There are 2 protein chains.
Amino acid sequence: MPLTHRIEQAISAAIATAQGADRAAPPQLASALEYAVTPGGARIRPTICLSVALACGDDKPQMSNAAATAIELIHCASLVHDDMPCFDNADVRRGKPTVHLAYSEPLALLTGDSLIIAAFDVLARAADADPARAITLIRILAESTGMPGGICAGQGWESEDKIDLSAYHKAKTGALFTAATRMGAAAAGEEHDAWTELGARIGEAFQVADDLRDALYDEDALGKPAMQDQINGRPNAVSALGVKGAIRRLEDILSGAIASIPSCPGEAALCDMVRKTAERLTPVVPAHQTV
Amino acid sequence: MPLTHRIEQAISAAIATAQGADRAAPPQLASALEYAVTPGGARIRPTICLSVALACGDDKPQMSNAAATAIELIHCASLVHDDMPCFDNADVRRGKPTVHLAYSEPLALLTGDSLIIAAFDVLARAADADPARAITLIRILAESTGMPGGICAGQGWESEDKIDLSAYHKAKTGALFTAATRMGAAAAGEEHDAWTELGARIGEAFQVADDLRDALYDEDALGKPAMQDQINGRPNAVSALGVKGAIRRLEDILSGAIASIPSCPGEAALCDMVRKTAERLTPVVPAHQTV
């Protein structure tokens, strides 16, 4: 089964479970859960997670699928909450109205909460295959998403006058990428610490690529409001290095990412995946833009 | 150690872990986590959870403490999110400004998210003592808090024109009480389904008691805005049965709760705890109030 198929199938199954199938559940919230996770876009984090799991042997596919799904559910939850009026107040996400506009603010808040909980539930349900691995995955997920070092902490730094920039970046974008590589390895029964660096470097590359896209593209091309970093005065690689410098930085980071891959049965295929991710990430500079 | 001490100690330890001790963490969010869980008030759900664990032998206290803590963290998270402007827009909780007023809306949203994640983390960290029990606890917690039947679902029903009242009450208040009894039993290695009824009945009693307090007391006595059910047109036992009828109903439910307790080593002490909870729940009708 192609990777994207496998990911979409696992995410759909998790959403169907949360929607309750034949159990009574509030229909709008049930519908909002699906709305928040579709269309999928690149599914970059679960793709990384499954690629690492495959590179490590993928001996318990149910566990790898659960890991990939949990990361994507949490990622979608964070997008729904970040888009709300008290944060980015965004109208558009993935080319359609954000959850709080399509449904309501209360339902957006509950959608995020429910997706966070569903992420942990997916991992706990996979425990039949291997309780110890499931616990490891749950611990990594909690560490990567909550306080003091997960994506919540990353968002929390944005409310501070004095930002610890290294902690901020590590938590805000890095945490879910290191979760993706670590959880991929852990799902396949491998020691996960060796995989932190690959995730960190992909996360760093993603941040630089996002800064570039934010600076170069308009709302139509982005599927979300443009120039948000500049508008909100957030630190940005393009303002620090210029467009050319940021693109060079992106290439360096991705070479480092490939070099950091631990020796494993599927090393070659994984290098290939990282290269493809790099191509996908590197933005095409629009013709009218000086670099 | 008295029960209340044990609970406060376990909750403080969990908050300290989430605050990051010597790791860099955003200070305001770290402070808001503590603000949201203190002062503790009655800690009724963790008290029920620990009481059931003790009645079942409490053979792994670390596991019982984790169960009690996880339930209280999730309960506090739900209060923080429910108080936000897009839900109840409450100014006061436990006699002090709500988190979004004391800190900010973004930090309130993140506080709730972080506490939800911390609840799952606490259970996963206790897995050293017994991975299988930890997984059972995580599954019960997810079921009781997320979709389709947990407290998120309960809140979700409030956005519907046509409410399934039985599903609504079961999810909105019942879910965390059945979680408390089931998780107390599961933490002590007992089969947890037999404990669902006790939790359900305590939850029902709590709902009736809350309806009574909401109708009888003013904001000063409640520590939160009064008459909210009437103002928001929510279903309420007092409007259905009158004050006297609602008090009689409360007594009936609690007798049923005591009768439902499964046979266990600490049965007598547990009956005593339920009776004390009943006394604490039954409101004193103010002198000026006709019943």
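Throughout, a chain's letter reflects where its sequence line sits, starting with A, and its residues are numbered from 1. The analysis underlying the following values was restricted to heavy atoms, covering all of them including side chains, and did not include hydrogens, waters or symmetry mates. Everything numeric in this text was worked out from a predicted model, so none of it was measured.
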Polar side-chain atom of A:Lys60 near backbone of A:Gly189 as donor-acceptor pair, under 3.5 Å
no
Flag the one option from A:Asp121, A:Leu33, A:Asp113 with the top tally of heavy-atom pairs under 4.5 Å to chain B.
A:Asp113
For residues 174-188 of chain B, the salt bridge (charged side-chain N to carboxylate O under 4.0 Å, His left out) pairs (sequence neighbours left out) are B:Glu143-B:Arg182
Measure the spacing between CD1 of B:Ile7 and CZ of B:Arg45 and express it to the nearest 0.5 Å.
12.0 Å
Contact part of B:Gln19 toward chain A, heavy-atom cut-off under 4.5 Å: side chain, backbone, both or neither?
backbone
Counting heavy-atom pairs under 4.5 Å to chain A, which of B:Ala167, B:Ala153, B:Ala119 comes out on top?
B:Ala153
Check the side chains of B:Gln207 and B:Thr173 for a donor-acceptor pair under 3.5 angstrom, ignoring hydrogens and angles.
yes
Contacting moiety of A:Gln155, where chain B heavy atoms sit under 4.5 Å
both
So, the part of A:Ala24 with a heavy atom under 4.5 Å from chain B: the answer is both
Applying a heavy-atom distance below 4.5 Å, give me the residues of residues 122-136 of chain B that approach chain A, sorted by number.
B:Ala124, B:Arg125, B:Ala127, B:Pro131, B:Ala134, B:Ile135
Got a donor-acceptor contact below 3.5 angstrom from the A:Gln28 side chain to the B:Ser159 backbone?
yes
Parallel, tilted or perpendicular, as decided by the 30° and 60° cut-offs, for the rings of B:Phe120 and A:Phe120:
parallel
Please report the interatomic distance CD(B:Gln9) to OG1(B:Thr69), rounded to the nearest 0.5 Å.
10.5 Å
Checked B:Asp164, B:Ile116, B:Ile151 vs chain A; the most non-hydrogen pairs under 4.5 Å come from B:Ile116
Relative to chain A, which of B:Ile74, B:Leu109, B:Thr17, B:Asp82 shows the most heavy atom pairs under 4.5 Å?
B:Leu109
Has B:Lys172 got a side-chain atom pairing as donor or acceptor with B:Glu158's backbone, closer than 3.5 angstrom?
no
One option among B:Gly20, B:Ala30, B:Gly146, B:Ala18 has the most heavy-atom pairs under 4.5 Å with chain A, and it is B:Ala18
Pairs of heavy atoms under 4.5 Å with chain B: top-ranked of A:Ser78, A:Cys86, A:Ala142:
A:Cys86
Run the side chain to side chain contact (heavy atoms under 4.5 Å, CB included) check on B:Leu73 and B:Val37 step by step: do they pass?
CA-CA 7 Å; B:Leu73 294 182; B:Val37 304; 4.1 Å; yes
Using atom types as modelled and distance alone, determine if a side-chain donor or acceptor of A:His100 lies under 3.5 Å from a backbone N or O of A:Ala90.
yes
Measure A:Pro27 against the heavy atoms of chain B and call it side chain, backbone, both or neither at under 4.5 Å.
both
Nearest-0.5 Å distance, CG of residue B:Leu176 to OG1 of residue B:Thr178
8.0 Å
